[in-house]
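Encoded as structure tokens, the structure appears first; notes follow it.
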Amino acid sequence: MLNADAFRQVFGTFPTPVAIVTTLGEDGEPSGFTCNAFSAVSAAPPLLLVCVGKGSRTLPAMLSSGVFALNFLARQGQATARTFAGKSADKFEGVAWRAGLAGVPVLTEAAVAYAGCRLVQTVEAGDHLLLIGRIEESETYPGTAALYQQGEFGTWEPEHRLALQAL
């Protein structure tokens, strides 16, 4: 059986998109974490899933509020992603955001898009929960999406752009 380190090594070999999941706690305080395990599920109805570790400090807030936002990381949001990947209680300090669906934080400068979701299903999967959300609002912003691979951030360049740069 594959151990956790080998699992991370295998999945670290290919680039993944990065997002910051945000929600509100029972006390109305914003909460969030950096995530690269999410996916579109369905266009009709519009559903997505996000994988959340059972030990996540944000998970109880997501479950109790029943709403969350998936903020798709922009190139310029790398520092914010590193902050939200940590354990700090002050993750939102100095981060630009506005209230979205049910007051959930929408990161206005660190994201290229966001999806405001209402939780519709929870599935247990090993040491994580898969939270399936119905997208009730969304927005896109100008910019380039960030990718993450083997501990580093980057961006994707389509072949035609690379060919033009070579000329």
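All figures in this text were calculated on a predicted structure; none of them were measured in a lab.
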Handout entry: Flag for Tyr141-Glu109: side-chain donor and acceptor within less than 3.5 Å
Key =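 The answer is no; no qualifying pair exists.
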Taking C-beta and beyond as the side chain, do [X] and [Y] meet within less than 4.5 Å on heavy atoms?
X      : Y      : answer
Val52  : Val50  : yes
Leu119 : Met62  : no
Lys87  : Arg57  : yes
Val120 : Leu47  : yes
Val106 : Asn71  : yes
Val18  : Phe153 : yes

Supply the atom-to-atom distance [X] [atom1] to [Y] [atom2], rounded to the nearest 0.5 angstrom.
X     : Y      : atom1 : atom2 : answer
Leu70 : Leu131 : CG    : CG    : 11.0 Å
Thr23 : Leu63  : OG1   : CG    : 9.0 Å
Lys54 : Asp127 : NZ    : CG    : 7.5 Å
Leu73 : Asn36  : CG    : CG    : 11.0 Å

Practice task
Look at the aromatic rings of Phe84 and Phe92 and report parallel, tilted or perpendicular, splitting at 30° and 60°.
Solution key: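 Aromatic pair Phe84/Phe92 classed perpendicular.
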Problem - Lys91 with Glu93: basic N within carboxylate O range, under 4.0 Å - result: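 Looking at Lys91 and Glu93, the cut-off is not met.
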Handout entry: Arg98/Glu139 salt bridge by N-O under 4.0 Å criterion
Key = yes
Exercise for the section: Measure from the side-chain N and O atoms of Thr83 to the backbone N and O of Ala79, and report whether any donor-acceptor pair falls under 3.5 Å. Expected result: yes
